[in-house]
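Naming convention: chains lettered A, B, ... in sequence-line order (proteins, then strands); numbering from 1 in each chain.
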There are 2 protein chains.
Amino acid sequence: MFAGCETDTVPVRIGGKWTVKIIICLKAGPRRFSELQTPLRGITPKVLTESLRALERDGFIMRTAHAEIPPRVEYELTPLGRTLFEPMAAFCDWRRAHLSELLDARETYEHRVPTA
Amino acid sequence: MFAGCETDTVPVRIGGKWTVKIIICLKAGPRRFSELQTPLRGITPKVLTESLRALERDGFIMRTAHAEIPPRVEYELTPLGRTLFEPMAAFCDWRRAHLSELLDARETYEHRVPTA
DNA sequence: CTGTATCCTCGCCGATACTG
DNA sequence: CAGTATCGGCGAGGATACAG
């Protein structure tokens with residue numbers, strides 16, 4: 001998703017397939033790599049790593065590697081990352097309010113008469 | 001972008017490359033096919049058609065074909081489509097408030113020491 | 001446990017040409 | 001004017017195997 005207001009320079013991407021879900025998973029507190037893999041059923045380690053790196057790069061999450069055996073790495077939202085919940089909530093509210101209209105529209109579109 | 005709150009069923013996609021821009025172009029009122037091509041410099045007719053169809057399918061825009069020669073087709077936002085501006089504004093606000101932090105984070109990430 | 005390394009698929013997007 | 005038809009690139013995402 002591009003938050004392209006007027007100026008389009010510097011697109012802000014939170015539109016990956018997994019990014020939003022990861023952020024939600026981290027809302028309750030720090031999570032380990034494997035603790036993220038479990039709720040995100042189906043994500044491969046490669047893709048999870050890529051997604052986490054992207055979020056880290058944008059300053060939304062922080063990675064902490066503990067020097068232990070076996071290794072333990074924890075990811076947690078930064079204060080900046082937590083600010084994302086506000087606009088995200090706006091979309092959730094929208095979804096709640098208008099999802100049924102959207103579904104109706106799709107249903108109607110399927111059964112439409114191709115216009116005479 | 002997936003507005004996936006708790007339930008993930010029925011993803012709502014407004015994350016195409018052009019969808020948001022098209023919606024913004026239609027904010028001021030109905031526009032013709034060619035009137036959309038101009039501000040969206042670079043979009044090909046094929047992709048514009050695909051994007052418009054997707055928006056129409058979800059009930060965000062309405063297509064009106066006038067039986068004239070030469071043909072005239074107008075696209076305009078539906079009331080449902082206009083409701084999208086509220087959550088979109090939330091992201092624009094976020095962008096204004098936090099873009100510099102995000103840019104700083106990226107800068108820092110580039111110059112990071114790969115952790116000892 | 002926390003990742004990398006390869007390879008591959010699939011769908012978005014684009015270029016170009018053509019049609020009613 | 002408003003599209004459709006066809007071909008092709010490219011990159012996100014996934015499967016699988018392996019490493020520190």
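Contact footprint of chain A on DNA chain D: nucleotides with an atom under 4.0 Å from a non-hydrogen protein atom, first to last in 5' to 3' order, dG13(D) to dG20(D).
Glu101(B) pairs by the side-chain hydrogen bond (donor to acceptor under 3.5 Å, both in side chains) definition with His98(B), not counting sequence neighbours. Annotation: side chain to side chain contact (heavy atoms under 4.5 Å, CB included) contacts of Ser51(B) (sequence neighbours excluded): Trp18(B), Ile22(B), Val47(B). Take Arg57(B) and apply the side chain to side chain contact (heavy atoms under 4.5 Å, CB included) test, not counting sequence neighbours, and it matches Arg106(A), Tyr109(A), Glu110(A). Shown here are the side chain to side chain contact (heavy atoms under 4.5 Å, CB included) partners of Pro45(B), two or more places apart in sequence or in another chain: Phe33(B), Gln37(B). Here Thr38(A) pairs with nothing under the side chain to side chain contact (heavy atoms under 4.5 Å, CB included) rule; sequence neighbours left out.
Taking only side-chain nitrogens and oxygens, Arg72(A) never comes nearer than 4.0 Å to OP1 or OP2 of dT2(C).
Contact check for Leu55(A) versus Leu26(A): no side-chain heavy atoms found under the 4.5 Å cut-off. Side-chain atoms of Leu36(A) and Ile43(A), non-hydrogen and from C-beta on, never get closer than 4.5 Å to each other.
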Going by atom type alone, with no hydrogens or angles, which donor-acceptor pairs under 3.5 Å involve a side-chain atom of residues 76-91 of chain B and a protein atom two or more places apart or on another chain?
unit_1   : atom_1 : unit_2   : atom_2 : d
Thr78(B) : OG1    : Gly59(B) : O      : 2.6
Thr78(B) : OG1    : Phe60(B) : O      : 3.2
Thr78(B) : OG1    : Leu80(B) : N      : 3.4
Thr78(B) : OG1    : Gly81(B) : N      : 3.0
Arg82(B) : NH1    : Lys27(B) : O      : 3.3
Arg82(B) : NH2    : Lys27(B) : O      : 3.1
Thr83(B) : OG1    : Trp94(A) : NE1    : 2.9
Thr83(B) : OG1    : Leu80(B) : O      : 2.4

Distance-only check: which donor-acceptor pairs under 3.5 Å involve side-chain atoms of residues 68-75 of chain A, not counting sequence neighbours?
unit_1   : atom_1 : unit_2   : atom_2 : d
Glu68(A) : OE1    : Arg72(A) : NE     : 3.3
Glu68(A) : OE2    : Arg72(A) : NH2    : 2.8
Arg72(A) : NH2    : His66(A) : ND1    : 3.4
Tyr75(A) : OH     : Arg63(A) : NE     : 3.4

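For Glu74(A) and dC1(C), the CD to P distance is 14 Å, given to the nearest whole Å. Rounded to a whole Å, the CZ atom of Phe33(B) is 17 Å from the P atom of dG20(C). Put simply, NZ on Lys17(A) is 12 Å from C1' on dT9(C), counting in whole angstrom units.
The stretch residues 35-53 of chain A touches DNA chain D through Thr44(A), Lys46(A), Val47(A), each having a heavy atom within less than 4.0 Å of the strand.
Inter-axis angle, ends of the helix from dC1(C)-dG20(D) to dG20(C)-dC1(D), five pairs per end, rounded to 10 degrees: 50°.
The list of salt bridge (charged side-chain N to carboxylate O under 4.0 Å, His left out) pairs with a residue in residues 34-54 of chain B, not counting sequence neighbours, reads Lys46(B)-Glu50(B).
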